[in-house]
Amino acid sequence: MSAQRRKKKTSQPHPQDELLRTDRLPHIWCPGCGIGTAFSCVITAIKKSEIPLDDIAMVSGIGCTGRMAGYIKLDSFHTTHGRAIPFATGLKLAHPEGSVIVTSGDGDLLAIGGNHFIHAARRNIDLTVICVNNFNYGMTGGQQAPSTPFGAKTTTSPIGSPEQPFNFCALAAACGAVYVARWTALHIRRLTVSITEAMKKPGFSFVEILSPCPTSFGRRNRIRNPLELVQFYHERSVIRNNIDPQEAALDFNNNLVVGKFVDTERPTFLDSYRLINRRELGDWPALEPKVPIPDKQVSG
Amino acid sequence: MSGQAVLTGIHFINGDEACCEGALAAGCRFFAGYPITPATEIAEGMSRRLPEVGGIYIQMEDELAAMAAVLGGSWGGAKAMTSTSGPGFSLMMENIGLGACTETPCVVCNVQRAGPSTGLPTLVGQADMMQARWGSHGDYEIIAISPSSPQEMFDFTIKAFNLAEQYRVPVMIMADEVVGHMTERVLIPPAKGIKIVNRKKPSISPKKYMPYKPDSDYVTPMANFGDGYHMHVTGLTHDERGYPVMDSATQEQMISRLVKKIRNNAEKIIDYDAYHIENADVVVVAYGISARSAKRAVMDARENGIKAGFIKLNTVWPFPEKLFNELAGNVKAMIMAEINMGQMVLELERCAAGQCLVRLVSHAGGAIIKPRSILEAIQATLKESS
Ligand code: SF4
């Protein structure tokens, strides 16, 4: 790097520096990885949300995406494998004025953390859960995940995965998430809009990001070149907003359906907790009709 | 939300209920748990009482989640606790380690039943004592205290919160099924008569704040979520800035402080009651429900002319090394009474360092130790030592 360029760098900070622990850079992510782009979208979304920075926390679990919490200059918590959501639940409930973003990978949130995911969505805890889905366990060198497509190779499915993956967006919606969207790491504008909307939405919001992992996943599945992998995702993705996420199972042979699938209203855990404890709803089962009824699901 | 946090007065309640009242009196406003016998009454009590005082009760999907939520609640600024028993305690170990590593004040009450596995869910045990100390992987120190009565369930729960806040460490209340379920008189003093300790907060500007730079007592001031300090908290080995650093020097620095924080403050943390240990030939040591059997046995022994003394451990971890090391030089024998196959007796042996006989009176669980068994052990041990 020439002296001139170095000088330019110090005099002109990057617009995202304000939200970065620049003293921790360079980051650990591989060249060509989608996490950097996803992280950049998260930062832009945080700025766009106009929520005061002191009121935002990021919680992550373990894995490549889990390292986001280490680079963001906010109150940030890098927890145990799979437990980001219950940690975030405690954080949010003890400090309800705060806005809590969970960023983690598919293995962390939906394998080891799957039970927590289901119940946080059911309770409608006011969290923004961002899942970077790279179809494998990247950090540990590329093992099979609950997202690994049937037949795809990983270090623990060397001939091909014998398992069926599941559709995270459909699961989130079925469990009661009020906001569900899926984009690839290339849909920068749409992804950023979705994250901002998710942050502003009271309740359990879920944004899945399909992200190229050239190092651990692409390499074993004959898409070694990062650019080629990026193009593969991009070419196959089709936007179908508002469809039932059940119909949006990922199919690498045909298309990768992306879009905003659910955007609805439902009382959050804290709303309901306060309502119940004020004893305003009467006794069950008579209380049921008095509970605010959510709008019809957009996806319906 | 008009409820009173401190129910000043005389009550007739069980140990689990007394634990709830102690927690509320200490300022606990967040409870995440999962029902399990014989600790369920604590969750039930908290679900009823916390909303009355503006606190949050949440029943999680399992104990892994409960412990994680307690840590989150603590960083959210609340005094936070959970309660459980053997199987749940095992599941909590993962995040107890995170709590120790990130120095998160919190309280875990283990109402012990007999194990291993499902064991005897409704019957007493004291076999999780080593698990409390060593249950999570890696090196760390925690604090554990052991109540012997509903009154102590109240008093020690307050003490547990105070220690957790003062030393930024998970504190275990190692109760047991009998203490949890027995109903006795519990005196709740007026709120102003209860000593409350709150975590140290940073006084310097966020720019200068080093979240893991300790004061002279090895404890670092703690910023909560929303205080504007933008701290990073990680279970990875971290430096004083809280940043992960993957090397042996940082590991040494972090772990030695976590350990020193408790060991070098041990004299201030440790609490015990001693009866007639001056000029005693034999001293019985016990904690939790077994301390009550032991006290009775020692009183009976003294009536029979035996120079017996008794130490009731209120703090079980850190173990009072200095006390027993000195005592071992002055007595013929020390006896540990505990409902397990020999756990804290190993500590007693270590501290005695061969200076006196150390014996165990115990059984595998399901019932308390009868005072008669302890008396017989006192007599047999004295015979052996003379
Ligand atoms: S291993 Fe994969 S997911 Fe992890 S940083 Fe590298 S490319 Fe990204």
Side-chain angles (χ1 to χ4, degrees), chain A residues 19 21 23-24 28 52-62 66-67 69-100 112-120 122-123 125 269-270 273-274 276-279, chain B residues 1 29-32 47-48 50-52 54-80 82 94-95 97-99 101-102 104 106 136 206 211 223-236 238 241-244 246:
Chain A
L19 272 157
R21 298 188 192 275
D23 50 348
R24 285 213 61 212
I28 60 155
L53 297 183
D54 287 357
D55 291 341
I56 307 175
M58 184 180 281
V59 181
S60 69
I62 301 297
R67 293 303 182 94
Y71 298 120
I72 193 114
K73 200 153 72 185
L74 292 171
D75 290 338
S76 52
F77 303 89
H78 179 228
T79 66
T80 38
H81 195 25
R83 318 298 168 216
I85 287 178
F87 185 100
T89 298
L91 193 66
K92 171 70 190 177
L93 297 182
H95 187 68
E97 313 77 41
S99 171
V100 180
I112 188 167
N115 200 25
H116 311 312
F117 183 93
I118 290 170
H119 289 280
R122 172 181 66 81
R123 296 182 184 110
I125 306 284
F269 171 83
L270 266 183
Y273 183 82
R274 288 172 178 150
I276 288 278
N277 284 308
R278 281 201 299 267
R279 297 169 196 266
Chain B
M1 281 189 213
R29 292 296 179 270
F30 183 84
F31 182 101
S47 74
R48 184 172 52 82
L50 272 172
E52 291 176 4
I56 297 282
Y57 166 88
I58 184 165
Q59 184 166 309
M60 299 302 286
E61 50 278 11
D62 56 31
E63 289 90 346
L64 298 161
M67 194 61 221
V70 164
L71 299 181
S74 182
W75 282 100
K79 289 190 183 178
T82 187
E94 174 192 49
N95 286 309
L98 179 64
C101 183
T102 56
T104 307
C106 59
S136 200
N224 297 330
F225 169 31
D227 287 351
Y229 282 83
H230 298 181
M231 67 283 182
H232 182 54
V233 175
T234 177
L236 284 167
H238 46 268
R241 296 170 301 172
Y243 289 1
M246 300 298 100

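All values reported here derive from a predicted model rather than from experimental measurement.
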Residue among B:C101, B:G76, B:G77, B:G228 with most heavy-atom pairs under 4.5 Å to chain A: B:G76
Atom group of A:R123 that falls short of 4.5 Å from chain B, counting heavy atoms: side chain
Which atoms of A:I28 approach chain B - backbone, side chain, both or neither, heavy atom under 4.5 Å: neither
Under 4.5 Å from a heavy atom of chain B, the part of A:I62 involved: neither
Side chain / backbone / both / neither for B:R241 at chain A, heavy atoms under 4.5 Å: side chain
Interatomic spacing from CG in A:N115 to CD in B:E61 - rounded to 0.5 Å: 5.5 Å
Greatest number of heavy atom pairs closer than 4.5 Å to chain A - which of B:G235, B:G226, B:A80, B:A66: B:G226
Close side-chain approach of B:M60 and A:H119, heavy atoms under 4.5 Å: no
Under 4.5 Å from any heavy atom of chain B - which part of A:Y273: side chain
Any B:H230 side-chain heavy atom under 4.5 Å of A:I72 side chain: no
Reported NE2-to-CD1 distance for the pair A:H95 and B:I56, which is rounded to 0.5 angstrom: 13.0 Å
Sub-4.5 Å side-chain heavy-atom contact between A:R24 and B:P244: yes
Side chain to side chain, B:L71 and A:R83, heavy atoms closer than 4.5 Å: no
Residue part contacting chain A, namely of B:A65, when any heavy atom lies under 4.5 Å: both
Chain A contact via B:F30 - which portion, at a heavy-atom distance below 4.5 Å: side chain
B:W75 side chain near A:D75 side chain, heavy-atom distance below 4.5 Å: no
For chain B, the option from A:A120, A:A94, A:G82, A:G98 that forms the most heavy-atom pairs under 4.5 Å: A:A94
Mutual orientation of the aromatic rings belonging to B:H232 and A:H78 [parallel < 30°, tilted 30-60°, perpendicular > 60°]: parallel
For chain B, the option from A:A69, A:S60, A:P52 that forms the most heavy-atom pairs under 4.5 Å: A:A69
Gap separating the CE atom of B:M231 from the CG atom of A:L74, nearest 0.5 angstrom: 10.5 Å
Sub-4.5 Å side-chain heavy-atom contact between B:T102 and A:F77: no
Per-residue contact mode, B:D62 against chain A (heavy atom under 4.5 angstrom): side chain
Per-residue contact mode, A:A57 against chain B (heavy atom under 4.5 angstrom): both
Residue, of A:E97, A:K73, A:R122, A:R21, that accumulates the most heavy atom pairs under 4.5 Å with chain B: A:R21
Contacting region of A:V59 [heavy-atom separation from chain B under 4.5 Å]: neither
Value rounded to 0.5 Å, distance of OH in B:Y229 from CG in A:D54: 10.5 Å
A:R278, CZ: over 12 other non-hydrogen atoms inside 6.0 angstrom: yes
